[in-house]
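These notes concern the structure reproduced below.
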Amino acid sequence: MSRELHFDTLVVGGGIAGLQTALDLADQNYQVAVIEKDATIGGKMIRLSKVFPTLDCASCITTPKMAASAHHENITLFTYCNLKSLDRDSPESVTATVTQKPRYVDPDKCIGCRQCEYGCPVYVPDEEQGNFNLRKAVHIPFSNAIPQIAVLDMENCSLCGKCARVCPTDAIDYFEQPEDFIIHAKTAVLATGFELTPIDQKPEYNGGKVQNLITSMEMERLLAPHGPYMRVIRPSDGKEPDSIAYVQCAGSRDKTLNVPYCSRVCCMYAIKQAMLLSGALPLADITIYYMDIRAFGKGYEQFYQNAKAMGIEFVKGKIAKIEQADNQYVSLRYEAQEDGGRVVEREHDLVVLSLGMVPGWTPQGVCQVSCDTDRFIKSSMPQIAPTVTDMEGVFVAGVAAGPKDIVDTIAEAGAAAMEASKYMTALGKQKAA
Amino acid sequence: MSDKKKQADKEAMKILRQQRKQSIDRVRGAIKSQNKDIKSIKDALKDGGKTVPEITAATKMPSSRVMVFVATLKKYGMVAEGPKDGDYFKYELIDA
(Lines give C-alpha, C1' and ligand atoms only; values in the text may rest on other atoms or scores of the structure.)
Protein backbone atom coordinates (compact mmCIF):
# COMPACT_ATOMS: atom_id res chain seq x y z
CA MET A 1 0.00 0.00 0.00
CA SER A 2 1.56 3.34 -1.10
CA ARG A 3 1.81 6.09 1.48
CA GLU A 4 -0.55 9.01 0.83
CA LEU A 5 0.26 12.65 1.51
CA HIS A 6 -1.96 15.74 1.41
CA PHE A 7 -0.97 19.25 0.32
CA ASP A 8 -2.68 22.34 -1.06
CA THR A 9 -0.49 22.56 -4.18
CA LEU A 10 1.81 20.19 -5.97
CA VAL A 11 4.62 21.89 -7.91
CA VAL A 12 6.25 19.72 -10.55
CA GLY A 13 9.84 20.86 -11.05
CA GLY A 14 12.34 22.32 -8.60
CA GLY A 15 14.00 24.85 -10.90
CA ILE A 16 13.72 28.59 -10.48
CA ALA A 17 10.09 28.64 -11.75
CA GLY A 18 8.97 25.85 -9.43
CA LEU A 19 10.78 27.26 -6.40
CA GLN A 20 9.40 30.78 -6.94
CA THR A 21 5.86 29.37 -7.29
CA ALA A 22 6.32 27.28 -4.14
CA LEU A 23 7.70 30.22 -2.14
CA ASP A 24 4.91 32.57 -3.27
CA LEU A 25 2.26 30.02 -2.23
CA ALA A 26 3.97 28.96 0.99
CA ASP A 27 4.23 32.59 2.09
CA GLN A 28 0.42 32.72 1.82
CA ASN A 29 0.25 29.76 4.21
CA TYR A 30 -0.52 27.10 1.62
CA GLN A 31 1.10 23.71 2.10
CA VAL A 32 3.24 22.99 -0.98
CA ALA A 33 4.96 19.83 -2.25
CA VAL A 34 7.75 20.23 -4.82
CA ILE A 35 8.81 17.17 -6.78
CA GLU A 36 12.10 17.27 -8.68
CA LYS A 37 13.60 14.63 -11.00
CA ASP A 38 17.23 15.46 -10.14
CA ALA A 39 18.96 14.73 -6.85
CA THR A 40 19.11 18.48 -6.16
CA ILE A 41 16.79 21.42 -6.64
CA GLY A 42 17.91 24.55 -8.51
CA GLY A 43 17.25 23.49 -12.11
CA LYS A 44 19.22 24.99 -14.98
CA MET A 45 19.76 28.32 -13.21
CA ILE A 46 22.01 26.94 -10.46
CA ARG A 47 24.23 25.51 -13.22
CA LEU A 48 24.76 28.95 -14.87
CA SER A 49 27.72 31.24 -14.24
CA LYS A 50 26.10 34.69 -14.39
CA VAL A 51 22.85 36.18 -15.68
CA PHE A 52 22.18 38.85 -18.31
CA PRO A 53 21.96 41.85 -18.54
CA THR A 54 23.21 42.62 -15.03
CA LEU A 55 26.01 40.00 -14.92
CA ASP A 56 24.91 39.04 -11.41
CA CYS A 57 26.17 35.70 -10.15
CA ALA A 58 23.46 33.09 -10.93
CA SER A 59 24.32 31.05 -7.87
CA CYS A 60 24.02 34.13 -5.62
CA ILE A 61 20.40 34.58 -6.77
CA THR A 62 19.39 30.92 -6.90
CA THR A 63 21.01 29.57 -3.72
CA PRO A 64 19.00 31.79 -1.33
CA LYS A 65 15.77 30.71 -3.03
CA MET A 66 16.84 27.05 -2.84
CA ALA A 67 17.68 27.42 0.86
CA ALA A 68 14.47 29.35 1.55
CA SER A 69 12.43 26.55 -0.07
CA ALA A 70 14.32 23.84 1.81
CA HIS A 71 13.80 25.57 5.17
CA HIS A 72 10.25 26.88 4.65
CA GLU A 73 7.84 25.29 7.10
CA ASN A 74 5.12 25.10 4.41
CA ILE A 75 7.26 23.50 1.68
CA THR A 76 8.18 19.83 1.41
CA LEU A 77 10.81 18.92 -1.18
CA PHE A 78 10.82 15.52 -2.87
CA THR A 79 14.04 15.22 -4.89
CA TYR A 80 15.08 12.38 -7.20
CA CYS A 81 11.43 11.63 -8.01
CA ASN A 82 9.51 10.99 -11.21
CA LEU A 83 5.89 11.96 -11.79
CA LYS A 84 4.08 8.83 -12.91
CA SER A 85 0.57 10.24 -13.24
CA LEU A 86 -1.40 13.36 -12.45
CA ASP A 87 -5.20 13.23 -12.59
CA ARG A 88 -8.00 15.47 -11.46
CA ASP A 89 -10.52 13.44 -9.43
CA SER A 90 -12.88 16.32 -8.62
CA PRO A 91 -12.79 20.13 -8.61
CA GLU A 92 -11.27 19.90 -5.11
CA SER A 93 -8.55 17.35 -5.75
CA VAL A 94 -5.72 16.29 -8.06
CA THR A 95 -3.95 13.03 -7.37
CA ALA A 96 -0.34 12.40 -8.36
CA THR A 97 1.52 9.12 -8.28
CA VAL A 98 5.21 9.79 -7.72
CA THR A 99 8.11 7.36 -7.89
CA GLN A 100 10.99 7.92 -5.50
CA LYS A 101 14.07 6.71 -7.35
CA PRO A 102 16.57 4.86 -5.17
CA ARG A 103 19.53 6.95 -4.01
CA TYR A 104 21.01 3.90 -2.25
CA VAL A 105 21.77 6.39 0.54
CA ASP A 106 19.44 6.93 3.47
CA PRO A 107 18.58 10.66 3.36
CA ASP A 108 17.80 10.70 7.08
CA LYS A 109 21.25 9.34 7.95
CA CYS A 110 23.48 11.04 5.33
CA ILE A 111 25.31 14.09 6.74
CA GLY A 112 26.89 15.15 3.42
CA CYS A 113 30.46 14.56 4.65
CA ARG A 114 31.54 13.06 1.28
CA GLN A 115 33.62 10.32 2.91
CA CYS A 116 31.86 7.86 0.58
CA GLU A 117 32.82 9.95 -2.45
CA TYR A 118 36.49 10.18 -1.44
CA GLY A 119 36.61 6.44 -0.74
CA CYS A 120 34.88 5.31 -3.97
CA PRO A 121 37.34 3.87 -6.54
CA VAL A 122 35.14 4.39 -9.65
CA TYR A 123 35.46 7.50 -11.82
CA VAL A 124 32.51 8.40 -14.06
CA PRO A 125 32.07 11.36 -16.49
CA ASP A 126 30.55 14.22 -14.53
CA GLU A 127 27.47 15.35 -16.47
CA GLU A 128 27.12 18.32 -14.10
CA GLN A 129 30.46 19.61 -15.45
CA GLY A 130 29.78 18.97 -19.14
CA ASN A 131 31.70 15.66 -18.85
CA PHE A 132 34.92 17.72 -18.82
CA ASN A 133 36.04 15.95 -15.66
CA LEU A 134 35.04 12.88 -13.68
CA ARG A 135 33.01 12.30 -10.54
CA LYS A 136 32.79 9.22 -8.34
CA ALA A 137 30.06 6.57 -8.62
CA VAL A 138 28.76 7.75 -5.25
CA HIS A 139 28.74 11.51 -5.04
CA ILE A 140 26.99 14.72 -4.05
CA PRO A 141 25.89 16.35 -7.35
CA PHE A 142 27.76 19.63 -6.76
CA SER A 143 29.01 21.79 -3.92
CA ASN A 144 25.89 23.95 -3.54
CA ALA A 145 23.38 21.18 -4.21
CA ILE A 146 20.33 21.07 -1.95
CA PRO A 147 19.85 18.68 -0.25
CA GLN A 148 23.51 17.79 0.47
CA ILE A 149 22.79 14.09 0.28
CA ALA A 150 24.91 11.64 -1.67
CA VAL A 151 23.50 9.56 -4.49
CA LEU A 152 24.93 6.26 -5.66
CA ASP A 153 24.98 5.62 -9.40
CA MET A 154 24.28 1.87 -9.29
CA GLU A 155 25.00 1.42 -13.03
CA ASN A 156 28.61 2.39 -12.33
CA CYS A 157 29.02 0.77 -8.91
CA SER A 158 31.30 -2.24 -8.47
CA LEU A 159 29.62 -3.10 -5.13
CA CYS A 160 33.07 -3.14 -3.56
CA GLY A 161 31.56 -1.94 -0.28
CA LYS A 162 34.14 0.82 0.36
CA CYS A 163 31.52 3.58 0.66
CA ALA A 164 29.55 1.57 3.22
CA ARG A 165 32.70 0.90 5.23
CA VAL A 166 33.78 4.55 5.43
CA CYS A 167 30.31 6.06 5.99
CA PRO A 168 30.25 7.30 9.59
CA THR A 169 26.45 7.06 9.84
CA ASP A 170 25.75 3.74 8.03
CA ALA A 171 23.73 5.60 5.41
CA ILE A 172 24.58 3.39 2.41
CA ASP A 173 21.84 0.94 1.47
CA TYR A 174 22.60 -1.15 -1.63
CA PHE A 175 19.18 -2.79 -1.46
CA GLU A 176 16.99 0.29 -1.86
CA GLN A 177 14.17 -0.09 -4.40
CA PRO A 178 12.05 2.48 -6.26
CA GLU A 179 9.01 3.38 -4.18
CA ASP A 180 5.71 4.89 -5.28
CA PHE A 181 3.75 7.32 -3.15
CA ILE A 182 0.58 9.33 -3.68
CA ILE A 183 0.16 13.09 -3.34
CA HIS A 184 -3.32 14.60 -3.07
CA ALA A 185 -3.54 18.35 -3.66
CA LYS A 186 -6.10 20.95 -4.63
CA THR A 187 -4.02 22.42 -7.44
CA ALA A 188 -0.86 21.65 -9.38
CA VAL A 189 1.69 23.85 -11.13
CA LEU A 190 3.81 22.41 -13.92
CA ALA A 191 7.27 24.00 -13.95
CA THR A 192 9.13 21.35 -15.87
CA GLY A 193 11.64 23.58 -17.66
CA PHE A 194 13.63 22.79 -20.77
CA GLU A 195 16.49 20.89 -22.32
CA LEU A 196 18.86 22.18 -24.97
CA THR A 197 18.39 20.92 -28.50
CA PRO A 198 20.73 17.96 -29.04
CA ILE A 199 24.20 18.80 -30.38
CA ASP A 200 24.41 15.74 -32.62
CA GLN A 201 21.47 16.33 -34.95
CA LYS A 202 22.98 18.46 -37.68
CA PRO A 203 25.17 16.63 -40.23
CA GLU A 204 26.49 20.06 -41.37
CA TYR A 205 27.99 20.41 -37.89
CA ASN A 206 29.56 16.95 -38.13
CA GLY A 207 27.01 15.63 -35.64
CA GLY A 208 28.77 17.69 -32.94
CA LYS A 209 31.73 15.30 -33.07
CA VAL A 210 34.40 17.95 -33.43
CA GLN A 211 37.00 18.56 -30.72
CA ASN A 212 36.60 21.93 -28.99
CA LEU A 213 33.05 22.33 -30.29
CA ILE A 214 30.94 22.73 -27.14
CA THR A 215 27.41 23.69 -26.12
CA SER A 216 26.40 26.93 -24.47
CA MET A 217 25.63 25.08 -21.22
CA GLU A 218 29.12 23.57 -21.29
CA MET A 219 30.55 27.07 -21.67
CA GLU A 220 28.49 28.12 -18.61
CA ARG A 221 30.37 25.44 -16.67
CA LEU A 222 33.76 26.60 -18.03
CA LEU A 223 32.91 30.15 -16.90
CA ALA A 224 31.50 29.15 -13.48
CA PRO A 225 33.71 29.57 -10.40
CA HIS A 226 33.18 25.89 -9.50
CA GLY A 227 33.78 24.78 -13.09
CA PRO A 228 35.77 21.73 -14.19
CA TYR A 229 39.02 23.63 -14.83
CA MET A 230 38.25 26.77 -12.79
CA ARG A 231 39.27 28.74 -15.89
CA VAL A 232 38.51 28.74 -19.61
CA ILE A 233 40.83 26.41 -21.50
CA ARG A 234 40.37 24.10 -24.49
CA PRO A 235 38.89 20.75 -23.45
CA SER A 236 41.04 18.87 -25.97
CA ASP A 237 44.46 19.88 -24.64
CA GLY A 238 44.25 22.64 -22.02
CA LYS A 239 45.34 25.45 -24.35
CA GLU A 240 44.21 28.92 -23.31
CA PRO A 241 42.11 29.96 -26.32
CA ASP A 242 43.14 32.96 -28.43
CA SER A 243 40.02 32.88 -30.51
CA ILE A 244 36.48 31.84 -29.49
CA ALA A 245 33.38 31.85 -31.70
CA TYR A 246 29.65 31.54 -31.13
CA VAL A 247 27.31 29.97 -33.67
CA GLN A 248 23.87 31.49 -33.19
CA CYS A 249 20.59 29.76 -34.03
CA ALA A 250 22.46 26.43 -33.90
CA GLY A 251 19.35 24.69 -32.62
CA SER A 252 16.50 27.15 -33.14
CA ARG A 253 14.70 28.68 -36.11
CA ASP A 254 15.54 25.48 -37.93
CA LYS A 255 12.78 23.46 -39.55
CA THR A 256 15.13 20.54 -40.19
CA LEU A 257 15.36 20.08 -36.40
CA ASN A 258 11.60 20.57 -35.95
CA VAL A 259 12.43 23.69 -33.93
CA PRO A 260 11.11 26.51 -36.16
CA TYR A 261 10.68 28.97 -33.28
CA CYS A 262 13.17 31.42 -31.76
CA SER A 263 14.39 30.31 -28.32
CA ARG A 264 14.52 33.97 -27.19
CA VAL A 265 17.54 33.69 -24.89
CA CYS A 266 20.40 32.52 -27.13
CA CYS A 267 21.40 35.98 -28.44
CA MET A 268 21.57 37.38 -24.93
CA TYR A 269 23.35 34.44 -23.29
CA ALA A 270 25.93 34.41 -26.11
CA ILE A 271 26.55 38.14 -25.60
CA LYS A 272 26.76 37.59 -21.84
CA GLN A 273 29.25 34.74 -22.22
CA ALA A 274 31.26 36.77 -24.73
CA MET A 275 31.50 39.65 -22.25
CA LEU A 276 32.57 37.28 -19.46
CA LEU A 277 35.18 35.75 -21.76
CA SER A 278 36.48 39.23 -22.59
CA GLY A 279 37.04 39.69 -18.87
CA ALA A 280 38.59 36.24 -18.32
CA LEU A 281 40.74 36.27 -21.48
CA PRO A 282 41.41 39.92 -22.34
CA LEU A 283 43.65 39.06 -25.29
CA ALA A 284 41.27 36.60 -26.96
CA ASP A 285 39.30 37.45 -30.11
CA ILE A 286 35.61 36.72 -29.65
CA THR A 287 33.28 36.45 -32.62
CA ILE A 288 29.52 35.93 -32.71
CA TYR A 289 28.11 34.61 -36.01
CA TYR A 290 24.41 35.53 -36.13
CA MET A 291 21.34 35.65 -38.39
CA ASP A 292 19.94 38.68 -36.52
CA ILE A 293 20.33 39.81 -32.92
CA ARG A 294 17.14 39.74 -30.86
CA ALA A 295 17.73 42.00 -27.85
CA PHE A 296 14.12 42.56 -26.83
CA GLY A 297 14.07 42.93 -23.01
CA LYS A 298 14.72 45.82 -20.68
CA GLY A 299 18.35 46.88 -20.93
CA TYR A 300 19.15 44.19 -23.51
CA GLU A 301 19.85 46.51 -26.46
CA GLN A 302 22.27 48.53 -24.31
CA PHE A 303 23.91 45.24 -23.27
CA TYR A 304 24.40 44.36 -26.95
CA GLN A 305 25.82 47.80 -27.72
CA ASN A 306 28.19 47.50 -24.74
CA ALA A 307 29.43 44.16 -26.10
CA LYS A 308 30.21 45.76 -29.48
CA ALA A 309 31.99 48.61 -27.72
CA MET A 310 34.09 46.06 -25.82
CA GLY A 311 35.43 44.78 -29.15
CA ILE A 312 33.36 41.63 -29.55
CA GLU A 313 33.02 41.00 -33.28
CA PHE A 314 29.52 40.39 -34.67
CA VAL A 315 29.48 38.71 -38.10
CA LYS A 316 26.18 38.40 -39.96
CA GLY A 317 26.12 34.97 -41.53
CA LYS A 318 24.63 31.56 -40.87
CA ILE A 319 27.29 28.90 -40.34
CA ALA A 320 26.92 26.29 -43.08
CA LYS A 321 29.63 23.84 -42.06
CA ILE A 322 31.71 23.00 -39.02
CA GLU A 323 34.78 20.78 -39.37
CA GLN A 324 37.86 19.74 -37.47
CA ALA A 325 40.94 21.65 -38.60
CA ASP A 326 44.61 20.96 -37.87
CA ASN A 327 45.99 21.42 -34.36
CA GLN A 328 42.55 20.82 -32.86
CA TYR A 329 41.15 24.08 -34.26
CA VAL A 330 37.53 24.27 -35.39
CA SER A 331 36.85 25.44 -38.92
CA LEU A 332 33.67 27.42 -39.71
CA ARG A 333 32.35 28.03 -43.22
CA TYR A 334 29.80 30.78 -43.86
CA GLU A 335 28.49 33.31 -46.33
CA ALA A 336 29.56 36.79 -45.22
CA GLN A 337 26.29 38.64 -45.82
CA GLU A 338 27.75 42.08 -45.13
CA ASP A 339 30.81 41.46 -47.27
CA GLY A 340 29.36 40.85 -50.72
CA GLY A 341 28.08 37.39 -49.86
CA ARG A 342 31.47 35.75 -50.37
CA VAL A 343 32.08 32.32 -48.80
CA VAL A 344 34.56 32.52 -45.95
CA GLU A 345 36.33 29.87 -43.87
CA ARG A 346 37.75 30.80 -40.47
CA GLU A 347 39.38 28.76 -37.74
CA HIS A 348 38.91 29.19 -33.99
CA ASP A 349 40.40 27.59 -30.89
CA LEU A 350 37.00 27.00 -29.33
CA VAL A 351 33.50 27.17 -30.83
CA VAL A 352 30.26 27.36 -28.87
CA LEU A 353 26.93 26.28 -30.34
CA SER A 354 24.09 28.50 -29.09
CA LEU A 355 21.56 25.71 -28.85
CA GLY A 356 17.85 26.34 -28.49
CA MET A 357 15.25 25.23 -25.97
CA VAL A 358 12.97 22.21 -26.23
CA PRO A 359 10.52 21.02 -23.54
CA GLY A 360 12.14 19.23 -20.60
CA TRP A 361 9.15 16.96 -20.12
CA THR A 362 6.14 15.73 -22.02
CA PRO A 363 2.76 15.27 -20.30
CA GLN A 364 1.84 12.48 -22.73
CA GLY A 365 0.76 9.43 -20.78
CA VAL A 366 1.09 11.27 -17.46
CA CYS A 367 -1.64 13.90 -17.41
CA GLN A 368 -4.35 15.31 -19.64
CA VAL A 369 -2.87 18.76 -20.14
CA SER A 370 -2.49 19.73 -23.82
CA CYS A 371 0.64 20.78 -25.65
CA ASP A 372 0.98 23.36 -28.40
CA THR A 373 2.38 22.74 -31.88
CA ASP A 374 5.85 23.61 -30.48
CA ARG A 375 5.39 20.75 -27.90
CA PHE A 376 5.51 23.16 -24.94
CA ILE A 377 2.50 23.09 -22.59
CA LYS A 378 -0.43 24.96 -24.10
CA SER A 379 -1.82 27.99 -22.36
CA SER A 380 -5.59 28.14 -22.83
CA MET A 381 -5.67 31.95 -22.46
CA PRO A 382 -2.23 33.09 -23.63
CA GLN A 383 -3.11 36.79 -23.85
CA ILE A 384 -4.93 37.34 -20.55
CA ALA A 385 -3.93 34.43 -18.27
CA PRO A 386 -0.84 32.72 -19.71
CA THR A 387 -0.42 30.29 -16.80
CA VAL A 388 -3.88 28.71 -17.16
CA THR A 389 -3.94 25.32 -18.92
CA ASP A 390 -6.87 23.33 -20.26
CA MET A 391 -6.79 21.05 -17.19
CA GLU A 392 -8.85 22.53 -14.38
CA GLY A 393 -6.76 23.81 -11.47
CA VAL A 394 -3.48 22.86 -13.18
CA PHE A 395 -1.24 25.78 -14.09
CA VAL A 396 2.04 26.19 -15.94
CA ALA A 397 5.06 28.35 -15.14
CA GLY A 398 8.34 29.21 -16.81
CA VAL A 399 9.89 27.55 -19.84
CA ALA A 400 7.47 24.61 -19.54
CA ALA A 401 5.04 26.93 -21.40
CA GLY A 402 7.58 28.15 -23.97
CA PRO A 403 11.07 29.64 -24.24
CA LYS A 404 11.68 32.64 -21.99
CA ASP A 405 14.43 34.27 -19.95
CA ILE A 406 14.85 34.19 -16.16
CA VAL A 407 13.11 37.53 -15.59
CA ASP A 408 9.97 36.41 -17.43
CA THR A 409 10.16 32.97 -15.80
CA ILE A 410 10.11 34.43 -12.30
CA ALA A 411 7.29 36.83 -13.18
CA GLU A 412 5.28 33.94 -14.64
CA ALA A 413 5.96 31.77 -11.59
CA GLY A 414 4.42 34.49 -9.43
CA ALA A 415 1.42 34.62 -11.77
CA ALA A 416 0.98 30.83 -11.58
CA ALA A 417 1.08 31.00 -7.77
CA MET A 418 -1.58 33.73 -7.87
CA GLU A 419 -3.82 31.66 -10.17
CA ALA A 420 -3.43 28.62 -7.88
CA SER A 421 -4.18 30.75 -4.82
CA LYS A 422 -7.24 32.24 -6.55
CA TYR A 423 -8.46 28.74 -7.44
CA MET A 424 -8.10 27.52 -3.85
CA THR A 425 -9.80 30.64 -2.44
CA ALA A 426 -12.74 30.01 -4.78
CA LEU A 427 -12.91 26.39 -3.59
CA GLY A 428 -13.05 27.61 0.01
CA LYS A 429 -15.85 30.04 -0.79
CA GLN A 430 -17.85 27.32 -2.55
CA LYS A 431 -17.51 25.10 0.51
CA ALA A 432 -18.60 27.91 2.85
CA ALA A 433 -21.65 28.63 0.67
CA MET B 1 25.51 -5.55 15.00
CA SER B 2 24.84 -9.16 15.93
CA ASP B 3 26.78 -11.97 14.23
CA LYS B 4 23.52 -13.32 12.83
CA LYS B 5 22.66 -9.97 11.18
CA LYS B 6 26.21 -9.63 9.84
CA GLN B 7 25.98 -13.07 8.25
CA ALA B 8 22.58 -12.29 6.72
CA ASP B 9 23.92 -9.01 5.24
CA LYS B 10 26.91 -10.85 3.81
CA GLU B 11 24.63 -13.41 2.16
CA ALA B 12 22.38 -10.70 0.73
CA MET B 13 25.40 -8.86 -0.72
CA LYS B 14 26.61 -12.09 -2.30
CA ILE B 15 23.25 -12.55 -4.04
CA LEU B 16 23.19 -8.91 -5.16
CA ARG B 17 26.70 -9.25 -6.61
CA GLN B 18 25.61 -12.34 -8.53
CA GLN B 19 22.56 -10.51 -9.90
CA ARG B 20 24.68 -7.55 -11.01
CA LYS B 21 27.66 -9.60 -12.21
CA GLN B 22 27.64 -8.22 -15.76
CA SER B 23 27.71 -4.55 -14.74
CA ILE B 24 30.22 -5.25 -11.94
CA ASP B 25 32.59 -6.87 -14.45
CA ARG B 26 32.24 -3.86 -16.76
CA VAL B 27 32.92 -1.41 -13.91
CA ARG B 28 35.91 -3.42 -12.67
CA GLY B 29 37.37 -3.25 -16.20
CA ALA B 30 36.86 0.51 -16.21
CA ILE B 31 38.53 0.87 -12.79
CA LYS B 32 41.58 -1.06 -14.03
CA SER B 33 41.99 1.12 -17.10
CA GLN B 34 41.39 4.32 -15.10
CA ASN B 35 43.96 3.35 -12.48
CA LYS B 36 46.48 2.60 -15.22
CA ASP B 37 45.91 6.01 -16.84
CA ILE B 38 46.10 7.83 -13.50
CA LYS B 39 49.36 6.05 -12.67
CA SER B 40 50.84 7.00 -16.07
CA ILE B 41 49.92 10.65 -15.53
CA LYS B 42 51.30 10.69 -11.99
CA ASP B 43 54.52 9.02 -13.18
CA ALA B 44 54.87 11.64 -15.90
CA LEU B 45 54.57 14.38 -13.29
CA LYS B 46 57.03 12.84 -10.84
CA ASP B 47 60.00 14.72 -12.28
CA GLY B 48 58.26 18.11 -12.26
CA GLY B 49 55.27 20.05 -13.61
CA LYS B 50 54.15 19.46 -17.19
CA THR B 51 51.58 20.87 -19.62
CA VAL B 52 48.86 18.64 -21.09
CA PRO B 53 50.73 18.26 -24.45
CA GLU B 54 53.87 17.27 -22.51
CA ILE B 55 51.94 14.71 -20.44
CA THR B 56 50.34 13.46 -23.66
CA ALA B 57 53.77 12.94 -25.20
CA ALA B 58 55.04 11.16 -22.08
CA THR B 59 52.04 8.86 -21.63
CA LYS B 60 50.99 8.31 -25.28
CA MET B 61 47.38 8.83 -24.17
CA PRO B 62 44.98 11.01 -26.24
CA SER B 63 45.30 14.62 -25.06
CA SER B 64 41.55 14.96 -24.40
CA ARG B 65 41.71 11.96 -22.03
CA VAL B 66 44.77 13.44 -20.29
CA MET B 67 42.83 16.70 -19.87
CA VAL B 68 39.86 14.89 -18.28
CA PHE B 69 42.10 13.05 -15.80
CA VAL B 70 44.19 16.12 -14.96
CA ALA B 71 40.98 18.08 -14.22
CA THR B 72 39.75 15.18 -12.07
CA LEU B 73 43.01 14.79 -10.16
CA LYS B 74 42.94 18.55 -9.55
CA LYS B 75 39.37 18.31 -8.26
CA TYR B 76 40.27 15.53 -5.83
CA GLY B 77 43.39 17.34 -4.59
CA MET B 78 46.10 15.17 -6.16
CA VAL B 79 47.33 17.67 -8.77
CA ALA B 80 47.65 21.47 -8.67
CA GLU B 81 47.82 24.03 -11.42
CA GLY B 82 51.30 25.49 -11.75
CA PRO B 83 52.73 28.40 -13.75
CA LYS B 84 51.88 29.13 -17.36
CA ASP B 85 54.18 27.92 -20.10
CA GLY B 86 53.25 29.68 -23.36
CA ASP B 87 49.55 29.04 -24.03
CA TYR B 88 49.40 26.14 -21.56
CA PHE B 89 49.39 25.73 -17.80
CA LYS B 90 51.71 23.29 -16.09
CA TYR B 91 50.25 20.76 -13.68
CA GLU B 92 52.17 19.51 -10.65
CA LEU B 93 51.77 16.58 -8.30
CA ILE B 94 50.69 17.84 -4.88
CA ASP B 95 52.67 15.28 -2.89
CA ALA B 96 55.76 15.48 -5.14
Side-chain angles (χ1 to χ4, degrees), chain A residues 104 114 117-126 128-137 139 142-143 153-162 164 170 172-176 211-212 221-222 226-243 281 283-284 327-328 349, chain B residues 1 5 8-35 37-38 50-57 61-82 84-91:
Chain A
Y104 304 100
R114 295 193 170 199
E117 184 172 347
Y118 300 133
C120 176
V122 193
Y123 290 100
V124 183
D126 188 353
E128 292 293 353
Q129 298 285 15
N131 297 326
F132 292 134
N133 63 4
L134 308 171
R135 59 164 171 81
K136 297 293 186 73
H139 64 289
F142 44 83
S143 54
D153 165 6
M154 192 49 96
E155 277 309 298
N156 289 298
C157 176
S158 67
L159 285 176
C160 68
K162 269 190 190 157
D170 282 329
I172 305 289
D173 177 3
Y174 298 112
F175 301 97
E176 236 179 58
Q211 281 192 317
N212 300 318
R221 295 316 305 151
L222 293 189
H226 304 294
Y229 313 133
M230 289 186 240
R231 61 171 68 255
V232 179
I233 48 180
R234 283 203 317 195
S236 72
D237 63 354
K239 179 180 185 278
E240 198 171 70
D242 293 325
S243 149
L281 304 166
L283 300 178
N327 298 319
Q328 302 173 17
D349 273 318
Chain B
M1 201 189 284
K5 170 93 173 68
D9 284 356
K10 229 176 167 179
E11 281 302 313
M13 276 304 281
K14 206 172 156 186
I15 294 168
L16 191 62
R17 285 194 180 107
Q18 275 166 0
Q19 286 168 349
R20 303 194 59 85
K21 189 178 180 310
Q22 219 175 350
S23 82
I24 289 173
D25 288 347
R26 173 179 51 80
V27 175
R28 280 183 181 160
I31 295 174
K32 248 188 197 170
S33 124
Q34 286 165 359
N35 287 346
D37 289 345
I38 289 171
K50 284 190 173 63
T51 63
V52 170
E54 286 166 349
I55 302 170
T56 302
M61 282 164 61
S63 64
S64 55
R65 189 163 170 87
V66 170
M67 191 65 235
V68 165
F69 276 108
V70 165
T72 307
L73 294 174
K74 193 173 150 213
K75 172 179 162 183
Y76 286 108
M78 288 174 261
V79 157
E81 190 181 273
K84 215 173 159 197
D85 180 6
D87 284 336
Y88 298 87
F89 286 89
K90 282 187 179 286
Y91 295 93

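Residue numbers start from 1 in every chain, and the chains themselves are labelled A, B, ... in the order their sequence lines are given, proteins ahead of strands.
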Go through R234(A), K136(A), R231(A) and name the one with the most non-hydrogen pairs under 4.5 angstrom from chain B. R231(A)
Under a 4.5 Å heavy-atom cut-off, does chain A meet the side chain of R65(B), its backbone, both or neither? neither
Pick one of side chain, backbone, both or neither for R135(A), based on which atoms fall under 4.5 Å of a heavy atom in chain B. both
D242(A), part contacting chain B, at a heavy-atom distance under 4.5 Å: side chain
Take atom CD of E11(B) as the centre, draw a 6.0 Å sphere, and report whether it contains more than 12 heavy atoms from other residues, nucleotides or ligands. yes
Side-chain contact test, heavy atoms from C-beta onward, threshold under 4.5 Å: evaluate it for M67(B) versus F132(A) and give yes or no. no
Has the side chain of S63(B) got a donor or acceptor atom that lies under 3.5 Å from a matching backbone atom of S236(A)? yes
From Y123(A) OH over to T72(B) OG1, what is the distance, rounded to the nearest 0.5 angstrom? 7.5 Å
Rounding to 0.5 Å, atoms CG (L73(B)) and CG (N133(A)) come to a distance of 10.5 Å
So do E81(B) and M230(A) actually touch side chain to side chain, heavy atoms under 4.5 Å? no
Looking at P228(A), is its backbone amide N or carbonyl O close enough to the side chain of K75(B) to form a donor-acceptor pair, meaning the two atoms are under 3.5 Å apart? no
Heavy-atom distance under 4.5 Å to chain B: side chain of Q129(A), backbone, both or neither? neither
Measuring from D9(B):CG to F175(A):CZ, what's the distance to the nearest 0.5 Å? 6.5 Å
What's the shortest heavy-atom distance between E155(A) and R26(B), and which atoms? O-NH2, 2.7 Å
Value for CG (L134(A)) from OH (Y76(B)), rounded to nearest 0.5 Å, stands at 8.5 Å
Engaged part of Y229(A) at the chain B interface, taking heavy atoms whose separation is under 4.5 Å: both
How long is the span from the NZ atom in K14(B) to the CG atom in L159(A), to the nearest 0.5 Å? 15.0 Å
Crowding at NZ, K21(B) (>12 non-hydrogen neighbours, <6.0 Å): no
Of the backbone (N, CA, C, O) and the side chain (C-beta and beyond), which part of V27(B) lies under 4.5 Å from a heavy atom of chain A, both, or neither? side chain
Portion of I38(B) that has a non-hydrogen atom of chain A nearer than 4.5 angstrom: side chain
Mind checking the CZ-OG spacing from R17(B) to S158(A)? Nearest 0.5 Å is all I need. 8.5 Å
